[in-house]
Amino acid sequence: MALTRRISGLLPPVSTASSSSSFLHRRAFSTDDTTTITVETSVPFTSHNCEPPSRSIDTTPKELMKFFTDMALMRRMEIAADSLYKSKLIRGFCHLYDGQEAVSIGMEAAITKKDCIITAYRDHCLFLGRGGTLLESFAELMGRQAGCSNGKGGSMHFYKKDACFFGGHGIVGAQVPLGCGLAFAQKYRKEDHVTFAMYGDGAANQGQLFEALNMAALWDLPAILVCENNHYGMGTAEWRAAKSPAYYKRGDYVPGLKVDGMDAFAVKQACKFAKEHVLKNGPIILEMDTYRYHGHSMSDPGSTYRTRDEISGVRQERDPIERIRKLILAHDLATEKELKDIEKQARKEVDEAIAQAKESPMPDEPELFTNVYRKGYGVESFGTDRKEVRAALP
Amino acid sequence: MASIFQGIGAATSLSSSTLFDSKKLQLCSRRSLSERKTSFVVVRAAGAKMDGGSSGIGGRADQLVTNAVATKADTPAAAAAASKPGHELLLFEALREGLEEEMERDARVCVMGEDVGHYGGSYKVTKGLAPKYGDLRVLDTPIAENSFTGMGIGAAMMGLRPIIEGMNMGFLLLAFNQISNNCGMLHYTSGGQFKIPVVIRGPGGVGRQLGAEHSQRLESYFQSIPGIQMVACSTPYNAKGLMKAAIRSDNPVILFEHVLLYNLKETIPDEEYVLNLEEAEMVRPGEHVTILTYSRMRYHVMQAAKTLVNKGYDPEVIDIRSLKPFDLHTIGNSIKKTHRVLIVEECMRTGGIGASLTAAISENFHDYLDAPIVCLSSQDVPTPYAGTLEEWTVVQPPQIVAAVEQLCR
């Protein structure tokens with residue numbers, strides 16, 4: 001890894017050994033925004049019908065530390081969700097994102113909260129990345145009132161309108177036409193924002209995806225289709241489901257870019273490049289080469305269709321958090337202990353959020369009938385027996 | 001709202017002799033499914049909604065004439081109450097007028113569908129709109145129902161108000177996932193964060209020998225989807241009013257038009273008017289039997305009504321218009337008067353609108369019925385091509401006459 005560092009004089013070069021012993025010399029690493037660090041992506045970008053962006057990305061210590069902190073929080077949240085599911089506090093479907101955090105983090109670093117993101121059901125970390133709180137996440141997972149959808153959506157239906165996060169969809173591939181609709185509205189209103197419509201390698205074989213891509217290309221909609229290729233569509237490996245697993249090339253006339261999805265900086269660079277491209281030239285496909293450690297969902301052990309060696313191999317060589325950790329240590333931005341403290345802090349925050357979420361009550365019975373229709377239209381709805389549980393919808 | 005149905009016994013004060021009971025209007029504050037008999041919500045230019053009182057004639061200049069419902073000439077009061085001559089047009093032109101007025105009024109309203117733009121719409125509903133509003137606002141989509149319906153819904157989530165046209169309702173089966181899961185459910189699963197103010201419209205129903213796949217009645221399939229509203233228009237007057245109401249509604253509305261009704265001619269008022277989405281239309285008041293119908297079957301019923309009147313019967317004909325939710329208020333009041341119900345629909349026998357309506361009436365008004373509910377529907381077969389067979393598939397006026405005679409024995 002080629003490293004260049006220009007110090008603006010703020011940070012004294014303190015060696016690792018001495019800083020760990022003294023709080024007085026503790027560096028305010030999280031506030032350093034001025035030093036530029038140049039990082040290279042792990043692998044170069046492969047492109048289809050376009051010029052790939054550069055491998056070198058500029059970042060700051062603040063951003064590096066933020067990446068680490070945020071990803072540690074996401075990882076902890078997903079692990080906690082795993083144990084909550086096993087203790088039957090979360091029911092139904094629970095699709096975990098651990099291993100794929102770099103996609104969310106890198107994307108957020110490249111865009112604003114006015115750019116839209118829409119994804120499928122593996123949405124917990126993307127929700128967090130968009131500004132959702134841990135309390136809202138856990139409460140929604142447990143079906144409580146404090147959840148982001150008031151407990152009525154569940155794991156697959158996290159939304160955050162004020163941060164332009166459009167969910168959270170259970171039916172594979174159906175979110176891609178919706179994403180093109182978001183892009184259509186952005187173009188209609190002449191906004192300078194883009195939409196990231198995310199889907200998986202399993203959804204990449206859906207017809208509606210190509211229909212939506214055709215329309216987006218036809219009308220130059222600012223839609224970026226992001227294929228989070230974790231190589232397994234539930235239990236089916238990509239080579240068993242797709243004749244051509246080069247998902248970034250599947251757009252044919254639409255340009256594509258293949259990105260190492262475990263490298264947050266590669267993701268950041270790709271998203272930045274895509275945003276600029278799409279505002280001028282119409283849609284682009286980004287294929288994020290990533291991996292999920294858990295199975296497809298909590299009811300899938302994840303080991304019947306892949307070997308444990310494969311999983312641990314990826315964890316050792318390509319883990320996104322480890323990569324950032326190594327970068328931070330190599331650049332002397334924090335010590336091992338400080339990083340461990342950050343992870344402990346993440347654990348603490350998650351535990352607190354879970355405790356708080358557990359206190360939130362389940363939704364009341366009238367909530368069954370709220371939000372079926374929009375206010376003000378006097379529409380009636382009937383409960384199952386049509387006599388007792390009856391409500392005039394607000 | 002529960003009080004309306006639990007207090008049905010007490011509410012028999014709504015007399016059968018007067019249709020427009022202005023006293024009741026003043027009593028209730030709820031707008032839509034309230035005890036109002038006059039049918040519409042008057043929307044003034046500023047967009048404020050207000051009740052159309054039955055004293056509309058003496059009201060302010062921009063208030064609509066209230067009883068200009070398509071009642072036949074047997075209520076001369078109605079004709080006299082019309083304040084202006086109005087203009088005559090065909091049903092598809094009425095739809096277009098409603099659409100154009102709404103597009104003019106709100107820049108977020110846009111249309112998308114196959115051949116709606118340059119071609120002008122396969123039934124000319126959107127003719128002339130693309131040159132006027134541009135290609136992005138009247139969008140010609142490729143033949144990809146699933147995804148352009150999804151696109152419309154995504155645009156609605158972002159604040160636009162798209163009108164999605166299915167060239168034939170039957171094609172929307174391809175978009176069922178988007179309509180059911182995303183359109184109907186997103187408001188609920190997002191905890192109220194997103195509203196989906198789309199209008200999904202298109203012609204359906206049995207045409208003239210169009211074949212099985214192009215003669216489908218999709219209201220049967222869509223009626224269970226929670227979160228959507230369904231309306232069926234049948235006259236130019238209610239077509240324009242329902243179109244405008246559907247566009248202004250913040251809920252997803254499916255507007256069912258009928259292939260054979262596009263060329264109906266009627267004189268409609270010049271003033272702007274919007275109809276109530278959840279209200280049924282009293283077509284012909286009567287005493288002996290309540291006939292509930294919608295869309296094209298309304299005309300078969302009215303034709304049968306002529307024969308019935310000659311035979312000495314007095315049927316009350318109600319065009320239910322709102323297929324989801326049912327206007328059980330109007331229907332209930334009628335049943336309490338006549339005690340006999342005949343449902344005439346174009347859906348198939350199994351699982352159609354008639355089946356749901358039968359169940360709803362049974363549950364709510366069982367005590368008022370003197371005879372079992374009779375439901376005349378199309379046969380449970382794919383619509384055949386041959387003209388004679390197609391005629392036998394659908395309910396015809398002689399069958400309606402026979403059913404009424406049987407019911408009133």
Could you look at [X] and say if it's the side chain, the backbone, both or neither that has a heavy atom under 4.5 Å from chain B?
X	answer
L182(A)	both
I118(A)	neither
E191(A)	side chain
C116(A)	side chain
Q175(A)	neither

Out of curiosity, [X] [atom1] to [Y] [atom2], how far, rounded to the nearest 0.5 Å?
X	Y	atom1	atom2	result
T189(B)	M156(A)	OG1	CE	10.0 Å
M151(B)	E211(A)	CE	CD	11.5 Å
K161(A)	M157(B)	NZ	CE	9.0 Å
L136(B)	D220(A)	CG	CG	11.0 Å
D140(B)	M215(A)	CG	CE	12.5 Å

> Any idea how F194(B) and Y159(A) line up, ring-wise: parallel (<30°), tilted (30 to 60°), or perpendicular (>60°)?
Replying inline: perpendicular

Determine the minimum heavy-atom distance between [X] and [Y], stating which atoms define it.
X	Y	answer
K160(A)	Q193(B)	CA-OE1, 3.3 Å
N214(A)	P142(B)	ND2-CG, 3.6 Å
A174(A)	N177(B)	CB-ND2, 3.4 Å
N371(A)	H187(B)	O-CD2, 3.1 Å
N150(A)	G191(B)	ND2-O, 3.5 Å

Which answer fits [X], side chain, backbone, both or neither, if we ask what part of it has an atom under 4.5 Å from a heavy atom of chain A?
X	result
L174(B)	neither
M185(B)	neither
T141(B)	both
A107(B)	backbone
Q178(B)	side chain
L139(B)	side chain
N182(B)	side chain

> Which residue out of I228(B), N181(B), D135(B) racks up the most heavy-atom pairs below 4.5 Å with chain A?
Replying inline: I228(B)

>> Heavy-atom pairs under 4.5 Å with chain A: which of A144(B), G192(B), S190(B) has the most?
In response: S190(B)

A quick test of your reading: do over 12 heavy atoms of other residues, nucleotides or ligands sit less than 6.0 Å from [atom1] of [X]?
X	atom1	result
F93(A)	CZ	no
K132(B)	NZ	yes
L218(A)	CG	yes

> What's the verdict on side chain to side chain contact (heavy atoms under 4.5 Å, CB included) for H157(A) and L186(B), showing C-alpha distance, side-chain angles and the deciding distance?
Replying inline: CA-CA 9 Å; H157(A) 299 286; L186(B) 263 169; 5.8 Å; no

>> Tell me if a side-chain donor or acceptor on S147(B) pairs with a main-chain N or O of P177(A) at a distance below 3.5 Å.
In response: no

> Judged by atom type as modelled, is there a donor-acceptor pair below 3.5 Å linking the side chain of Y188(B) to the main-chain atoms of L368(A)?
Replying inline: yes

> F184(A) versus C110(B): any side-chain heavy-atom pair under 4.5 Å?
Replying inline: yes

> Do Y188(A) and M158(B) have side chains that get closer than 4.5 Å, going by heavy atoms?
Replying inline: no

> What are the residues of residues 119-145 of chain A, in order of number, with any heavy atom under 4.5 angstrom from a heavy atom of chain B?
Replying inline: none

